[in-house]
Structures are given as C-alpha cells and as structure tokens.
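Before any comments, here is the structure.
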Amino acid sequence: MKKKKWINIQINDKYIKLKKKKNIVSRSYFKLKEINNYYHIIKKKDNIIDLGCSPGGWTQYLIKQKTGKIFSCDITPINKKIKTNFILGNICKKNIFNKIISKTNEYKINNILSDISPNISGIKEIDNPKFKIIIKTILNLCKIKLKKKEI
C-alpha cells in the first residue's frame with residue numbers, strides 16, 4: 001500500500017479518531033469490544049490471560065470491563081498507562097511459559113485471549129512453522145489453565 005493512501009486511511013479511520021478522543025492506547029480495544037458485544041465471552045470478575053497484548057488495547061478494554069485479575073504477556077512492553085500483571089517475553093520460550101503458569105497458579109483462569117502474530121516474511125515455508133509453534137504453545141497453556149466445567 002502506498003504511503004499516502006495508508007495515511008489517508010489512518011486519518012479517516014473512525015476507530016483512530018475514537019482512540020484519540022477516549023484516550024485508548026490502541027484501536028484493537030474496539031476490536032475486542034465488538035467481539036465481546038456479539039459473543040459475550042468476557043464477564044465481570046473473569047480472570048484472563050492476554051497474550052500478545054502490546055500496546056495494551058485489549059488489556060485496557062478488560063480493565064474497563066472490571067474483570068478479575070488480568071495477566072498480560074508480550075515480547076514488546078505494554079503501554080505504561082496500562083496497570084496489569086505484565087510479563088515481558090516470548091510465551092514460546094519455556095521460562096516465560098512457566099512464569100505465566102506460576103503467576104496464575106492461585107487463580108481460576110476463565111479466558112485466554114491471543115492476538116499474537118510472528119514477524120511475517122511472506123514466505124509460507126518460513127511463516128507457517130512459526131504460527132504452528134505459537135498455536136501449539138497457546139493450546140498447551142489452555143489445556144493447563146482452563147478448567148472444564150463440571151456437569
């Protein structure tokens with residue numbers, strides 16, 4: 001996309017305007033808000049793990065929804081305005097994965113959200129294995145942290 005066209009899109013984007021007006025750290029805030037308004041996946045007092053959280057739009061939305069504990073993780077620091085239990089690092093690294101497990105041990109986790117994407121090269125033979133590792137790691141975290149509902 002040409003730079004001038006991209007700038008025009010940014011200037012006219014309603015979510016960019018709303019983000020500035022409402023002091024939101026990123027337009028992804030509105031993406032999660034729309035998802036939750038439609039599917040009602042996030043409830044008050046839910047304890048949530050937010051993966052790939054930087055700059056913090058989803059975490060900021062969760063805070064405003066008055067959820068329970070929020071544990072956020074990313075390889076890039078989260079916006080300093082966002083006050084959360086933040087873990088800096090790559091979830092696919094064993095030490096970071098274990099840090100998330102130990103930090104959340106005393107909490108029943110209700111949801112795990114992920115907006116993780118690896119740096120993309122555009123070469124599927126390189127990119128697909130990266131996605132596969134991320135997906136397997138997140139599924140493993142889900143198996144460990146999300147409890148089945150008793151019938």
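It should be emphasised that the depicted structure is a prediction, and the values quoted were computed from it without experimental measurement.
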For this session: Flag the pair Tyr61 / Phe30 as yes when their ring centroid distance falls below 6.0 Å, and as no otherwise.
Result: no

Problem set entry | Distance-only donor-acceptor check, side chains Thr84 and Thr59, under 3.5 Å | no

For this session: Report the distance from atom CG of Leu113 to atom CG of Asn111, rounding to the nearest 0.5 Å.
Result: 5.5 Å

Seminar exercise, completed: Rounded to the nearest 0.5 Å, the CD atom of Gln60 sits from the CD1 atom of Ile24 at a distance of 4.0 Å

Exercise. Ion pair present between Asp46 and Lys69, side-chain N to carboxylate O less than 4.0 angstrom?
Worked result: no

Exercise. Given Lys99 and Asn95, is the side-chain contact (heavy atoms from CB on, under 4.5 Å) satisfied, shown in steps?
Worked result: CA-CA 6 Å; Lys99 194 180 234 185; Asn95 65 323; over 6 Å; no

For this session: Report yes if the side chains of Leu141 and Ile100 come closer than 4.5 Å at any heavy-atom pair, otherwise no.
Result: yes

Exercise. Is there a donor-acceptor pair closer than 3.5 Å between any side-chain N or O of Ser54 and the backbone N or O of Gly56?
Worked result: no

Exercise. Does the side chain of Trp58 come within less than 4.5 Å of Ser26's, by heavy atoms?
Worked result: no

Exercise. Quick one: are Ile120 and Phe131 in side-chain contact, heavy atoms under 4.5 Å?
Worked result: yes

Exercise. Side-chain donor-acceptor pair under 3.5 Å between Thr67 and Lys45, yes or no?
Worked result: no

Problem set entry | CA sep, side-chain torsions, deciding dist, call: Ile49, Leu51, side-chain contact (heavy atoms from CB on, under 4.5 Å) | CA-CA 6 Å; Ile49 298 173; Leu51 303 171; 3.6 Å; yes

Exercise. Hey, does Gln65 have a side-chain heavy atom less than 4.5 Å from the side chain of Ile70?
Worked result: no

Exercise. Under a single-linkage definition using a 4.5 Å side-chain heavy-atom cutoff for Ile, Leu, Val, Met, Phe, Trp and Tyr, are Ile144 and Ile96 assigned to the same hydrophobic cluster?
Worked result: yes

For this session: Could you tell me whether the side chain of Asn110 reaches within less than 4.5 Å of the side chain of Lys108, counting heavy atoms only?
Result: yes

Exercise. Does the side chain of Ile42 come within less than 4.5 Å of Leu32's, by heavy atoms?
Worked result: yes

Exercise. After noting the C-alpha distance and the side-chain angles of Asp115 and Cys53, does the key distance pass the side-chain contact (heavy atoms from CB on, under 4.5 Å) rule?
Worked result: CA-CA 7 Å; Asp115 200 17; Cys53 66; over 6 Å; no

Exercise. Could you give the distance from CG (Asn47) to CD1 (Ile109), rounded to the nearest 0.5 Å?
Worked result: 5.0 Å

Exercise. Rounded to the nearest 0.5 Å, how far apart are OG of Ser72 and CD1 of Ile87?
Worked result: 8.5 Å

For this session: Just do the side-chain contact (heavy atoms from CB on, under 4.5 Å) check on Lys83 and Ile63 with the steps written out, would you?
Result: CA-CA 9 Å; Lys83 302 300 176 209; Ile63 291 167; 5.5 Å; no

Problem set entry | Lys132 NZ: over 12 foreign heavy atoms closer than 6.0 Å | no

Exercise. Between Ile48 and Phe71, is any pair of side-chain heavy atoms under 4.5 Å apart?
Worked result: no

Problem set entry | Side chain proximity check, Ile138 to Ile135, heavy atoms < 4.5 angstrom | no

For this session: Determine, using the 4.5 Å side-chain heavy-atom cutoff (strictly less than), whether Ile41 and Leu62 are members of one ILVMFWY cluster.
Result: yes

For this session: Locate the shortest heavy-atom distance separating Ile82 from Pro55; write the atom from each residue and the value.
Result: CG1-O, 4.4 Å

For this session: Would you give the length of the straight line joining atom CD1 of Ile91 to atom SG of Cys73, rounded to the nearest 0.5 angstrom?
Result: 5.5 Å

For this session: Count the heavy atoms of every other residue, nucleotide or ligand shown that sit under 6.0 Å from NZ of Lys136, and state whether that count exceeds 12.
Result: no

Problem set entry | Co-membership, hydrophobic cluster, residues Ile133 and Leu139, 4.5 Å side-chain | no

Exercise. Picking from Asn90, Asn119, Ile116, Leu88, what satisfies side chain to side chain contact (heavy atoms under 4.5 Å, CB included) with Ile75?
Worked result: Asn90

Exercise. So, Lys145 side chain and Thr104 main chain: donor-acceptor pair closer than 3.5 Å or not?
Worked result: yes

Exercise. In this structure, are over 12 heavy atoms from other groups packed under 6.0 Å from Lys130 atom NZ?
Worked result: yes

Exercise. Is Lys93 atom NZ crowded by more than 12 heavy atoms from other residues, nucleotides or ligands, each under 6.0 Å away?
Worked result: no

Exercise. Is a side-chain N or O of Asp127 found less than 3.5 angstrom from the main chain of Gly122, in a donor-acceptor match?
Worked result: yes

Exercise. Could you state the interatomic distance from OH (Tyr29) to NZ (Lys64), rounded to the nearest 0.5 Å?
Worked result: 5.0 Å

